[in-house]
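What follows is a set of notes on a single structure, which appears directly below.
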Amino acid sequence: MLDMIHVRSTLADEYDLAPNAKLADSMGDVYGRMDRVVNPIDWATYAPYVKAINEIKKKRNAVILGHNYMTPEIYHGVSDFVGDSLQLAIKATEVEADVIVQCGVHFMAETSKILSPSKTVLMPDMDAGCSLAESITADGVEEMRAKYPGAPVVSYVNTTAEVKAASDICCTSSNAVAIVNAMESDTVIMTPDQYLAQNVANESHKNVVFWPGSCIVHEQYTAKDLKDFREWNPGTELIAHPECPPDVVAEADFSGSTSGIIKYVTDKKPKKAMLITECSMASNIADELPEVDFVGPCNMCPYMKKITLEKVLYVLHTMDNQVEVDPAMAEKARLSVERMIDLSKKLGI
Ligand code: 13P
Ligand code: SF4
């Protein structure tokens, strides 16, 4: 676990990180991307970190890959590339930097390291896990293979390198249906998200069998929540991530990956939208879509929220928290991820 007292004293020796209204004012171009959701006082506390991170990034020849669930000051303030799991995995193969800072959760950093073994991949907080990735090991994959002999294993990218290595191919929420449909066998094993698997099964002609994992953020929504909300707020578009249970997805107007959700709202510009997913999603697109009123409750991912500006600056300063993957395991895991990327490109996803 990161010792935050040590983190703070290390940073205090090197940087002036006190809230600074004058500096915040001078960085109005950056603030303009988030001023609908970040108040000026908070911005004055973030601005010194944003400035320091953007400076040290150049010194280290580093890029920051920010997932769509990062808070707005990370998403808009310091990320060089933002996107969903698939987009970030592809970006990790393309960037020319020496260092990748993964602003997301641990499996994403592992995926970047698997795809770019020669790069240094830094994780601002090694404890930023994922309930899905933690729900299965390679033994679980073997258990499923023994139960369904000959069926290919499609593992969600939200898994450890060990599980990816034990699988035939990976998928993300943006390509899951296409990947499953592209398998030759009639029966396809999906791990570890039972709800993503059931949602895929509803759109596929395959017999999809699954591991009983779930996302602690999306499993909390119920179809009744959505029905009630629609009744109280007629005219609101309900937009759900496919990690939600199938009856929730059935109740929604649209379901898609985090980038699919952004595209849908950006194209459709509904007057009112409720994003049935992690809270930062709506915050990150609120400024670009002033005509959309984002309403309703949301759920926070406690793992994603472990990533803060302070920890990003600390790892760039110290080069601590380097993600390592055993090379033999990485080699096997890479095949599963590359098969997914190649197939997605071939299918035009
Ligand atoms: P996507 O960004 O691929 O939709 O995944 C969502 C997620 O839960 C990542 O943790
Ligand atoms: Fe894992 Fe769910 Fe958090 Fe994504 S939102 S990192 S799937 S726990």
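Here the structure is a predicted model, which means the values were calculated and not measured.
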Has the side chain of [X] got a donor or acceptor atom that lies under 3.5 Å from a matching backbone atom of [Y]?
X: Ser79; Y: Ile74; value: yes
X: Ser204; Y: Ala201; value: no
X: Thr172; Y: Ser174; value: yes
X: Ser167; Y: Ile169; value: no
X: Arg145; Y: Pro152; value: no
X: Asp193; Y: Cys215; value: no

Per the side-chain contact (heavy atoms from CB on, under 4.5 Å) rule, which among [options] passes with [X]?
X: Ile276; options: Pro297, Ser255, Cys244; value: Cys244
X: Leu226; options: Asp247, Leu238, Val249; value: Leu238
X: Val312; options: Leu122, Ile64, Ile56, Val50; value: Ile64

Show your reasoning for whether side chain to side chain contact (heavy atoms under 4.5 Å, CB included) applies to Thr258 and Met281.
CA-CA 8 Å; Thr258 55; Met281 277 282 298; 3.7 Å; yes

Quick check: do [X] and [Y] have side-chain heavy atoms less than 4.5 Å from each other?
X: Val163; Y: Val141; result: yes
X: Leu313; Y: Leu309; result: no
X: Leu343; Y: Arg339; result: no
X: Ser344; Y: Leu86; result: yes
X: Tyr314; Y: Pro124; result: no
X: Thr93; Y: Glu338; result: no
X: Phe294; Y: Met274; result: no
X: Thr71; Y: Met304; result: no

Tell me if the SG of Cys279 lies under 2.5 Å from the SG of Cys298.
yes

If hydrophobic clusters are built by linking Ile, Leu, Val, Met, Phe, Trp and Tyr wherever their side-chain heavy atoms come under 4.5 Å apart, do [X] and [Y] end up in the same one?
X: Val208; Y: Trp211; answer: no
X: Leu275; Y: Tyr69; answer: yes
X: Leu11; Y: Leu2; answer: yes
X: Met300; Y: Ile216; answer: no
X: Val99; Y: Met70; answer: yes

So, do His317 and Tyr15 have ring centers that fall under 6.0 Å from each other?
yes

Measuring from atom [atom1] of [X] to atom [atom2] of [Y], what distance do you get when rounded to the nearest 0.5 angstrom?
X: Asp320; Y: His6; atom1: CG; atom2: NE2; answer: 7.0 Å
X: Asn299; Y: Gln220; atom1: CG; atom2: CD; answer: 4.0 Å
X: Ile90; Y: Leu115; atom1: CD1; atom2: CG; answer: 9.5 Å
X: Thr187; Y: Asn207; atom1: OG1; atom2: CG; answer: 4.0 Å

Step-by-step salt bridge (Lys or Arg N to Asp or Glu O under 4.0 Å) determination, Glu278 to Lys305
CA-CA 10 Å; Glu278 215 278 339; Lys305 265 46 214 187; 2.9 Å; yes

So does [X] pair up with [Y], basic N to acidic O under 4.0 Å?
X: Glu110; Y: Lys113; value: no
X: Arg8; Y: Asp13; value: no
X: Glu143; Y: Lys147; value: no
X: Glu288; Y: Arg36; value: no
X: Glu237; Y: Lys272; value: no
X: Lys311; Y: Asp125; value: yes
X: Glu291; Y: Lys271; value: no
X: Lys57; Y: Asp80; value: yes
X: Lys346; Y: Asp342; value: no

Shortest non-hydrogen contact between [X] and [Y], atoms and distance:
X: Pro245; Y: His218; value: CD-O, 3.5 Å
X: Pro117; Y: Arg334; value: CG-NH2, 3.6 Å
X: Asn284; Y: His76; value: O-NE2, 2.8 Å
X: Val248; Y: Tyr221; value: CG2-O, 3.4 Å
X: Asn20; Y: Pro48; value: CB-CG, 4.1 Å
X: Pro246; Y: Asn202; value: CB-ND2, 4.0 Å

Within the 3.5 Å criterion, strictly below it, is a donor on Thr222 or Asp225 matched to an acceptor on the partner's side chain?
yes

Tyr49 and Thr308: side chain donor to acceptor below 3.5 Å:
no

Begin with the C-alpha distance, continue with both residues' side-chain angles, and end with the deciding distance and a verdict on salt bridge (Lys or Arg N to Asp or Glu O under 4.0 Å) for Glu55 and Lys51.
CA-CA 6 Å; Glu55 281 171 5; Lys51 180 171 178 281; 3.3 Å; yes

Surrounding NZ of Lys269 (heavy atoms of other residues, nucleotides or ligands, distance under 6.0 Å), is the total greater than 12?
yes

Within the supplied structure, the quantity of interest is the number of heavy atoms (other residues, nucleotides, ligands) at a distance under 6.0 Å from Lys332 NZ; does it exceed 12?
no

Checking Val315 against Met123 for the side chain to side chain contact (heavy atoms under 4.5 Å, CB included) test, could you report, in this order, the C-alpha distance in whole Å, the side-chain angles of both residues, the deciding distance, and whether it holds?
CA-CA 7 Å; Val315 295; Met123 196 52 212; over 6 Å; no

Relative to each other, are the rings of Trp43 and Tyr31 parallel, tilted or perpendicular (30° and 60° limits)?
parallel

Show your working on side chain to side chain contact (heavy atoms under 4.5 Å, CB included) between Thr236 and Arg230 and close with a plain yes or no.
CA-CA 7 Å; Thr236 305; Arg230 205 189 279 285; over 6 Å; no

Just do the side chain to side chain contact (heavy atoms under 4.5 Å, CB included) check on Glu134 and Tyr303 with the steps written out, would you?
CA-CA 12 Å; Glu134 284 153 23; Tyr303 304 108; 3.5 Å; yes

Going through the distances and angles, do Ser173 and Glu243 end up as a side-chain hydrogen bond (donor to acceptor under 3.5 Å, both in side chains)?
CA-CA 8 Å; Ser173 53; Glu243 288 169 13; 5.5 Å; no

